[in-house]
Amino acid sequence: MAKQKTAIVPTREENYPEWYQQVVRAADLAENSDVRGCMVIKPWGYAIWENMQQVLDRMFKDTGHQNAYFPLFIPKSFLEKEAEHVEGFAKECAVVTHHRLEDDGQGGLKPAGELEEPLIVRPTSETIIGAAFARWIESYRDLPLLINQWANVVRWELRTRLFLRTSEFLWQEGHTAHATADQAEAETALMHDIYAEFAEQWMAMPVMKGEKTQGERFPGAVSTLTIEAMMQDRKALQAGTSHFLGQNFAKAQDIMYLSDEGKREHCWTTSWGVSTRLVGGLIMSHADDDGLVLPPKLAPAHMVILPITFKADDPQAVLDYCESLKDDLSKQAYAGRAIEVEIDDRDLRGGDKTWQWVKKGAPIRLEIGQRDIAQDSVFMARRDQSPKDKQSIKRADLIADAADLLQSIQDGLLEKAKAFRAQHTRVVNARDKFYKFFTPKQAEQPEIHGGFALAHWNGDEAIADQVQKDLGVTIRCIPLEGELERGGFGEATGEGKCIFTGEPSRGRVVWAKAY
RNA sequence: CGGGGCGUAGCGCAGCUUGGUAGCGCGCCAUACUGGGGGUGUGGAGGUCGCAGGUUCAAAUCCUGUCGCCCCGACCA
């Protein structure tokens, strides 16, 4: 039997990285720009990010945070204040050394006006925001200080991939200061929870909540909490992090307050962020060999209407019918916003147009022609079903059931992603089985293999380093208490013995290849 | 920075070994027939072959240099 024709070539199975790039292109989400490593986010891709922003922003504000904005440039000396932080970011920063361009006499331009102190394009803003905090905070009455900023940052990555890793990316970074360690840790945990809720309830992307090992921690942090998702190539994607910074930055930057006992104390600070990388995670969680599949809650358009006007006795009547349906659907709400309907009346051939929307991942497509109008019904196709599964549905039923319909697609995506993760997560109790799990059968052209391995580890970083060297596998996180049960891996809880040394282990950690 | 590859039309590529004034597919424009799974025909627009030198009567093709990009590795949200 001939292979089913797919809208995306190659398929995931054939060449996953190439498939990813083709999905991004076919869905018209983004493209490489003229600047190395930087992307142009196109309207359909940016609209997804805007929806993410809107939901997250609401969640942040509902938990007492306020937005502010800090400079793009950071004085070099600021970045040098916290030792580990310097170490962690120094190698990947863009540096501004001049502030003017002059005619070079050969039709070109040359930098002029050297700066006294170089400016760093922010790779993250702990230091410059910390400096502001130091000015703003005087008394315990000023605490907690809960600030978030939506911004772009630059990390000069050596290898980039659209959305997943670009030299410049968009994100939000929360920065907070507290009077006690407990409060700061509670904040770190709260934001971690919010990220997990967003990933699962809005992106339909199941995540493992856990703590990073020392080797994987944010430079300068005391502890880092992370959410880790499994992509369809079974690699892990770090989708959001929340850092407890202890008093490290407060001490480096004199962020202090006067306590109610009249003593000057250092604050305890946190930072947390998610980025446009989430769009990459969304793609790799749900897209299939026909292109993008969008969870309805974040889809720029919930439904697309394709008017079938050729050969109609009265094309305008068909368009009018579509407009009226759109109006009625727009009066329905789903997940906190009006149902958004796009009418695509471009003069394109039907099949072509249909496939464009399949590739863009629109949750529901509606085809409406004269025949349907006569029966006061529409022809509906769901993106979570095969493109050929179309069904006629009464106009009134569609309007009444619209929200439920979208929710069922949303739920289905989460369930499917959970099942996929469960299928490729293994409880591993022996070193050889661990190595076998992460070794492809075809060494030349590795097939999609591996997944999450839940295995005991004695806590020795040297062993983790060796495993990374051997297999390219790292510890994604140490699951939080109760997290394995929550994910459906209850049998993996409890103490045991390190599979590499036989030494005691307090619990299994999650191992995987990572993005 | 180490290893590999590539720069020819908007995109994807062929042509280069055996030099002779540039070609294919998709896309784009017009038009006709079509039309609820990516249709077909006809007629068009569009490139001087990354850049700079050199060899030659003649260079996309040979030589030298140079710039850029991609993939694998090290580094990373």
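Naming convention: chains lettered A, B, ... in sequence-line order (proteins, then strands); numbering from 1 in each chain.
When heavy atoms are screened at a 4.0 angstrom cut-off, A:T166 is found touching base atoms of the nucleic acid. Residue A:L164 is in base contact, counting any heavy-atom pair closer than 4.0 Å across all strands shown. Across all strands shown, A:Q238 has heavy atoms under 4.0 Å from sugar-phosphate atoms exclusively, and none from any base. Nucleic acid contact class of A:K359 (heavy atoms, under 4.0 Å, all strands): base. At the heavy-atom level, A:R371 lies under 4.0 Å from base atoms of the strands shown. Using a 4.0 Å heavy-atom distance criterion, A:A7 is classed as a base contact. Counting non-hydrogen atoms under 4.0 angstrom, A:F218 reaches nothing in the nucleic acid. Contact annotation for A:D372: base contact, defined as any heavy-atom pair under 4.0 Å involving a base atom. At the heavy-atom level, A:S275 lies under 4.0 Å from base atoms of the strands shown.
Closest approach to the A:R155 side chain among B:G36, B:A77, B:C11 is made by B:A77 (side chain taken as heavy atoms from C-beta onward). Listed candidates were B:C69, B:C11, B:C75. Nearest to the side chain of A:R25 is B:C11.
Going from the C1' atom of B:A58 to that of B:C16 covers 16 Å, rounded to whole Å. For the C1' atom pair drawn from B:A45 and B:G3, the interatomic distance equals 44 Å after rounding to whole Å. Taking atom C1' in both B:G36 and B:A30, the straight-line distance is 27 Å, to the nearest Å. When the C1' atom is compared between B:C49 and B:G23, the two are found 12 Å apart, to the nearest whole Å. Distance check on atom C1': B:G50 versus B:G5 gives 16 Å, rounded to whole Å. Between B:C26 and B:G39, the distance separating the two P atoms is 11 Å to the nearest Å. Rounded to whole Å, the C1' atom of B:A22 lies 24 Å from the corresponding atom of B:U42. Rounded to a whole angstrom, the distance from the P atom of B:G12 to that of B:G4 is 25 Å.
The CD atom of A:Q391 sits 20 Å away from the P atom of B:G36 (whole-angstrom rounding). Here B:U31 presents its P atom at 10 Å from CG of A:D347, a figure rounded to the nearest Å. In this structure, CD1 of A:I305 is placed 19 Å from P of B:G36, rounded to the nearest angstrom. Rounding to whole angstrom units, CZ of residue A:R161 and P of B:C69 are separated by 19 Å. Put simply, CG on A:D344 is 20 Å from P on B:G35, counting in whole angstrom units. Rounded to an integer number of Å, the gap from A:K469 NZ to B:A74 C1' is 12 Å. B:G27 atom C1' lies 14 Å from atom CG of A:D28, rounded to whole Å. Going from atom CG of A:L306 over to atom P of B:G38 covers 14 Å, rounded to whole Å.
Using a 4.5 Å heavy-atom cutoff, the side chains of A:T213 and A:W457 are in contact.
Pairing partner, B:U61: none, since no Watson-Crick or wobble contact has both distances short of 3.5 Å. In this entry B:U42 has B:A30 as its Watson-Crick or G-U wobble partner, both defining distances falling under 3.5 Å. Base pairing of B:C1: its partner is B:G73, meeting the Watson-Crick or G-U wobble criterion (both donor-acceptor distances under 3.5 Å). Nucleotide B:G12: paired with B:C24 (Watson-Crick or G-U wobble, both distances less than 3.5 Å). The partner of B:G7 is B:C67, judged by Watson-Crick or G-U wobble contacts that both fall below 3.5 Å.
For A:D347, the CG atom sits in a loose shell: 12 or fewer heavy atoms of surrounding residues, nucleotides or ligands are nearer than 6.0 Å.
Toward the 5' end of RNA chain B, the nearer of the two residues A:P219 and A:I308, judged by each one's closest nucleotide, is A:I308. Each of A:F310 and A:R217 was matched to the nucleotide of RNA chain B holding its nearest heavy atom; the match closer to the 5' end belongs to A:F310.
Where stacking is scored as ring centres under 5.5 Å apart with planes under 30°, A:W171 does not register as stacked on the base of B:A77.
Looking only at distances, a side-chain donor or acceptor of A:R383 sits under 3.5 Å from a matching main-chain atom of A:L292.
Under the 3.5 Å distance criterion, with hydrogens and angles disregarded, a donor-acceptor pair is assigned to the side chains of A:S125 and A:Q149. For the residue pair A:T124/A:R122, the side-chain donor-acceptor check at 3.5 Å is not satisfied.
Between the base of B:G39 and the side chain of A:R349 there is a donor-acceptor pair shorter than 3.5 Å.
Across A:P363 and A:I409, no two heavy atoms sit closer than the pair O-CD1, 3.8 Å.
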ring-ring contact (aromatic ring centres under 6.0 Å, His included) between A:F437 and A:H449, worked out: CA-CA 8 Å; A:F437 183 57; A:H449 66 281; 8.4 Å; no
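Taking the six-membered ring for Trp and thresholds of 30 and 60 degrees, A:F218 and A:H243 have nearly parallel ring planes, at less than 30 degrees apart.
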